[in-house]
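All ligand and atom numbering here is 1-based and tracks the order in the structure. Here the structure is a predicted model, which is why all the values come from computation and not from measurement.
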Amino acid sequence: MKKFLIAGNWKMNKLASEALDFCKELAAQNLTNAKDVAVLVPFTDLKETKEGLAGSGIGFGAQNVHFEESGAFTGEVSVPMLKEIGVDYCVVGHSERREYFAETDETVNKKLIALLNAGITPILCVGESLEVREQGGEQTFVAGQILADFAGIPASEAAKIVVAYEPIWAIGTGKTATPEQAEEMCAFIRGVLSGNYDNATGDSILILYGGSMKPSNAKELLEKPDINGGLIGGASLKIDDFTAIANAAAELG
Ligand code: PGA
């Protein structure tokens with residue numbers, strides 16, 4: 001049976017008080033696949049998110065982390081800080097961080113290793129720009145990201161990383177990749193991972209699609225064989241939309 005993860009990426013939205021209300025309401029939905037659902041929230045919302053979700057089985061996490069354990073890095077948050085709060089997940093290398101905050105494959109790789117060492121599941125984002133796709137370079141580009149981001153990580157650890165394929169041209173634009181485009185790239189990524197490690201590792205890694213996933217297109221994306229779920233931005237901010245996407249996965253799982 002195919003495994004799923006439906007993860008909401010709130011980005012820079014919701015005050016801590018709003019997070020508490022939202023998470024209580026989400027917990028009250030009694031999702032049948034709660035353990036396959038998570039919300040990824042601003043640092044300031046982590047405690048309230050944990051409180052609101054308590055006992056629901058729904059996971060939670062952060063959207064970024066620094067790779068050093070502590071030190072003179074003003075404004076940063078470390079893995080031990082996240083660990084103490086008890087996060088399950090942390091997003092790494094989202095395209096917005098790569099674009100606006102100079103995140104590189106080198107820092108992404110260090111963050112993945114730091115999170116894995118602490119037993120926190122990384123959600124690694126990869127994906128090409130519109131310019132790269134229009135030139136037909138999307139596979140070369142994404143394979144390059146995957147190989148650089150996974151550098152030096154052994155198969156046993158690599159299997160714990162969740163990959164999210166997020167074509168930049170589909171993020172927040174309302175322009176979703178077609179299910180065929182999304183499946184093609186998720187299958188390609190699985191092939192790259194299988195080639196770099198082995199088939200068992202490639203098969204076990206969860207590969208999500210992200211970019212304008214919403215209730216109206218979730219089912220057709222989620223039923224594709226190599227798509228193990230979604231990283232959902234805009235539609236994760238509304239209880240009804242997010243619940244509908246989680247339910248779509250539950251029906252397929
Ligand atoms: P979107 O964002 O669903 O709003 O397109 C997805 C993401 O950036 O993770």
Side-chain angles (χ1 to χ4, degrees), residues 4-14 18-19 22 26 36-43 45-46 49 58-65 87-103 108 111-112 115 121-133 138 141-142 145-146 149 161-179 181-183 185-186 189 206-222 224 227-249:
F4 282 104
L5 176 65
I6 300 297
N9 174 15
W10 289 1
K11 308 195 179 185
M12 196 171 72
N13 292 293
K14 294 197 192 294
E18 294 168 335
F22 183 97
L26 186 60
D36 304 328
V37 175
V39 289
L40 307 159
V41 308
F43 293 128
D45 294 358
L46 285 169
T49 296
I58 296 170
F60 77 108
Q63 301 169 6
N64 182 37
V65 73
V87 306
D88 306 294
Y89 300 96
C90 183
V91 180
V92 178
H94 190 280
S95 60
E96 287 151 16
R97 295 215 59 86
R98 292 182 191 255
E99 185 178 352
Y100 308 134
F101 303 98
E103 189 89 82
V108 165
K111 291 177 183 195
L112 291 178
L115 287 164
T121 301
I123 301 179
L124 164 67
C125 301
V126 296
E128 80 287 356
S129 64
L130 185 57
E131 197 186 353
V132 168
R133 181 163 277 261
E138 66 272 17
F141 182 85
V142 170
Q145 285 185 318
I146 291 282
D149 296 346
I161 297 174
V162 176
V163 176
Y165 168 59
E166 299 207 307
I168 296 169
W169 46 272
I171 295 178
T173 58
K175 197 177 168 193
T176 320
T178 65
Q181 283 173 322
E183 167 61 18
M185 282 300 284
C186 290
I189 290 167
L206 295 187
I207 303 180
L208 317 182
Y209 167 77
S212 300
M213 189 184 275
K214 43 189 180 264
S216 59
N217 61 22
K219 182 171 181 283
E220 54 182 11
L221 287 159
L222 296 173
K224 291 291 181 194
I227 300 180
N228 295 107
L231 184 57
I232 300 130
S236 74
L237 298 172
K238 296 190 204 109
I239 285 278
D240 291 352
D241 287 357
F242 190 53
T243 302
I245 297 171
N247 286 337

What atoms of ligand 1 come closer than 4.0 angstrom to any heavy atom of [X]?
{"X": "Glu166", "value": "6 (C), 7 (C), 8 (O), 9 (O)"}
{"X": "Gly234", "value": "1 (P), 3 (O), 4 (O)"}
{"X": "His94", "value": "7 (C), 8 (O), 9 (O)"}
{"X": "Gly211", "value": "5 (O)"}
{"X": "Ser212", "value": "1 (P), 3 (O), 5 (O)"}

State, with a plain yes or no, whether a side-chain heavy atom of [X] is found less than 4.5 Å away from one of [Y].
{"X": "Ile6", "Y": "Ile232", "value": "yes"}
{"X": "Leu5", "Y": "Ile123", "value": "yes"}
{"X": "Trp10", "Y": "Leu237", "value": "yes"}

Just by distance, do the side chain of [X] and the backbone of [Y] share a donor-acceptor pair under 3.5 Å?
{"X": "Gln63", "Y": "Asn9", "result": "no"}
{"X": "Arg98", "Y": "Cys125", "result": "yes"}
{"X": "Thr176", "Y": "Ser212", "result": "yes"}

Non-hydrogen atoms of [X] versus ligand 1: any pair closer than 4.0 Å?
{"X": "Lys214", "value": "no"}
{"X": "Gly172", "value": "yes"}
{"X": "Ala170", "value": "yes"}
{"X": "Ala235", "value": "no"}

- [ ] Could you check which of Ala7, Gly127, Gly233 puts a non-hydrogen atom nearest to atom 3 (O) of ligand 1?
- [x]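 Going through Ala7, Gly127, Gly233 one by one, Gly233 has the nearest heavy atom to atom 3 (O) of ligand 1.
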TODO: Check each heavy atom of Asn9 against ligand 1 and say whether those closer than 4.0 Å belong to the side chain, the backbone, both or neither.
DONE: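 Answer for Asn9: side chain.
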Open item on the list: Would you say Tyr165 and Glu128 are linked by a side-chain donor-acceptor pair, where the criterion is simply a distance under 3.5 Å?
Closed with: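 Their side chains do contain a donor-acceptor pair, which is all the 3.5 Å distance test asks for.
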Open item on the list: Under a 3.5 Å cutoff, is there a donor and acceptor pairing between the side chains of His94 and Glu166?
Closed with: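 Yes - a donor-acceptor pair under 3.5 Å links their side chains.
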